[in-house]
> 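Starting off with a structure, shown below.
Just so you know, these numbers use all the heavy atoms, side chains as well, and skip hydrogens, waters and symmetry mates.
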Amino acid sequence: MIDDSTKELLLSRIRDVPDHPKPGVMFKDITPLLADPKAFTALTDALAEPVVRHGATKIVGLEARGFILAAPVAVRAGIGFIPVRKAGKLPGATLSQTYDLEYGSAELEIHAEDLQEGDRVIVIDDVLATGGTAGASVELVRRAGADVVAVAVLLELGFLGGRARLEPHLRDAPLEALITV
């Protein structure tokens, strides 16, 4: 999906932050990547490629870092951007989807009128970890009547098994990770 030089550039701008947000977690900080215009442009171009290849008509970005990545990709591809937010953040009529966390559950929402039958949606986020948020978002998009043509992420944390948990939600839509660690 991306060439080696782009992969190296992106990886060189992702900072590991040990013990954040809690001891034992190695947080992948993408803010240095976002601060570098060359790296951010390369990332935007790389994420726009599957949007065009899959014929997406809308991009769904996941709160919060997924917004930062998905919005410029939507502009680059010339299509609409739809935010998926945590429950209670969107005004008006929403659809919601609950999903399980390691301890407890969470809920995501989307504006009910932002997606219609026939929309071809690519879901974009920064990191695929355990797959819960991405899976809930895919289900939410489908409940809104749209088709999910792909899920694309900057970074897949392969050791957490998120791809396997996401697979049942994907059906035939591919998961495209620019980088897997």
Side-chain angles (χ1 to χ4, degrees), residues 1-15 28-86 90 108-111 113-129 131-142 144-158 162-163 166-167 169-181:
M1 190 166 166
I2 60 172
D3 61 45
D4 288 341
S5 64
T6 302
K7 183 177 180 177
E8 287 176 28
L9 172 64
L10 298 179
L11 276 171
S12 75
R13 302 303 189 273
I14 298 171
R15 178 176 54 178
K28 300 294 187 182
D29 181 14
I30 67 166
T31 58
L33 188 157
L34 301 173
D36 179 329
K38 182 178 178 185
F40 195 12
T41 298
L43 174 58
T44 301
D45 291 344
L47 288 172
E49 188 276 328
V51 170
V52 172
R53 182 167 26 93
H54 292 292
T57 60
K58 299 267 175 75
I59 294 176
V60 163
L62 309 186
E63 187 167 344
R65 290 181 305 243
F67 294 175
I68 298 167
L69 304 186
V73 172
V75 170
R76 175 74 40 92
I79 62 177
F81 166 73
I82 312 299
V84 168
R85 303 281 325 255
K86 294 175 184 169
L90 292 172
L108 297 174
E109 293 181 336
I110 194 167
H111 274 133
E113 73 274 2
D114 287 346
L115 293 171
Q116 286 83 40
E117 191 173 322
D119 278 332
R120 297 175 50 81
V121 175
I122 188 164
V123 176
I124 294 181
D125 203 5
D126 64 328
V127 174
L128 177 70
T133 306
S137 298
V138 166
E139 295 302 326
L140 197 54
V141 168
R142 287 196 178 112
D147 296 320
V148 175
V149 296
V151 173
V153 297
L154 162 60
L155 190 63
E156 178 182 356
L157 305 179
R163 182 178 289 265
L166 183 58
E167 290 277 331
H169 300 281
L170 290 174
R171 300 180 193 159
D172 291 329
L175 167 62
E176 301 200 19
L178 299 181
I179 300 167
T180 300
V181 295

> Identify the residue among Asp125, Ile124, Leu108, Val121 that makes a side chain to side chain contact (heavy atoms under 4.5 Å, CB included) with Ser137.
Leu108
> Which atom pair, heavy atoms only, marks the closest approach of Phe67 to Pro72?
O-CD, 4.3 Å
> State which residue, out of Leu43, Ile68, Leu154, fulfils the side chain to side chain contact (heavy atoms under 4.5 Å, CB included) condition with Ile30.
Leu154
> Nearest 0.5 Å, please: how far is CG in Leu178 from CD1 in Ile2?
5.0 Å
> Atom CZ in Arg53, atom CD1 in Ile122: separation rounded to 0.5 Å?
8.0 Å
> Okay, side chain of Arg171, backbone of Val148: is any donor-acceptor separation there less than 3.5 Å?
no
> Just verifying a value: how many Å separate Leu11 CG and Thr6 OG1, rounded to the nearest 0.5 Å?
11.0 Å
> Please report the closest heavy-atom contact between Ala146 and Leu115, naming both atoms and the distance.
CB-CB, 4.2 Å
> What are the two closest non-hydrogen atoms of Leu62 and Thr133, and how far apart are they?
CD1-CG2, 4.0 Å
> Report the residue from Asp29, Asp36, Thr31 that forms a side-chain hydrogen bond (donor to acceptor under 3.5 Å, both in side chains) with Arg13.
Asp36
> Considering all heavy atoms of both residues, which atom of Lys86 and which atom of Glu63 are nearest to each other, and what is their separation?
N-OE1, 2.8 Å
> Using modelled atom types and a 3.5 Å cut-off, is there a donor and acceptor pairing between side-chain atoms of Arg120 and backbone atoms of Gly55?
yes
> For Asp114, which of Val84, Val141, Ile82 qualifies under side chain to side chain contact (heavy atoms under 4.5 Å, CB included)?
Ile82
> Would you compute the distance between atom CG of Leu47 and atom CG of Leu69 and round it to the nearest 0.5 angstrom?
6.5 Å
> Roughly how far apart are Leu157 CG and Thr180 OG1, rounded to 0.5 Å?
9.0 Å
> For the NZ atom of Lys7 and the CG atom of Leu9, what is their distance to the nearest 0.5 Å?
13.0 Å
> Where do Ala70 and Phe81 come nearest, in terms of heavy atoms and distance?
CB-CE1, 3.5 Å
> Could you walk me through whether Val60 and Leu140 pass side chain to side chain contact (heavy atoms under 4.5 Å, CB included), step by step?
CA-CA 10 Å; Val60 163; Leu140 197 54; over 6 Å; no
> Give a yes or no answer on whether the side chain of Thr41 reaches the backbone of Lys38 with a donor-acceptor pair at less than 3.5 Å.
no
> Where do Leu155 and Lys28 come nearest, in terms of heavy atoms and distance?
CD2-CG, 3.6 Å
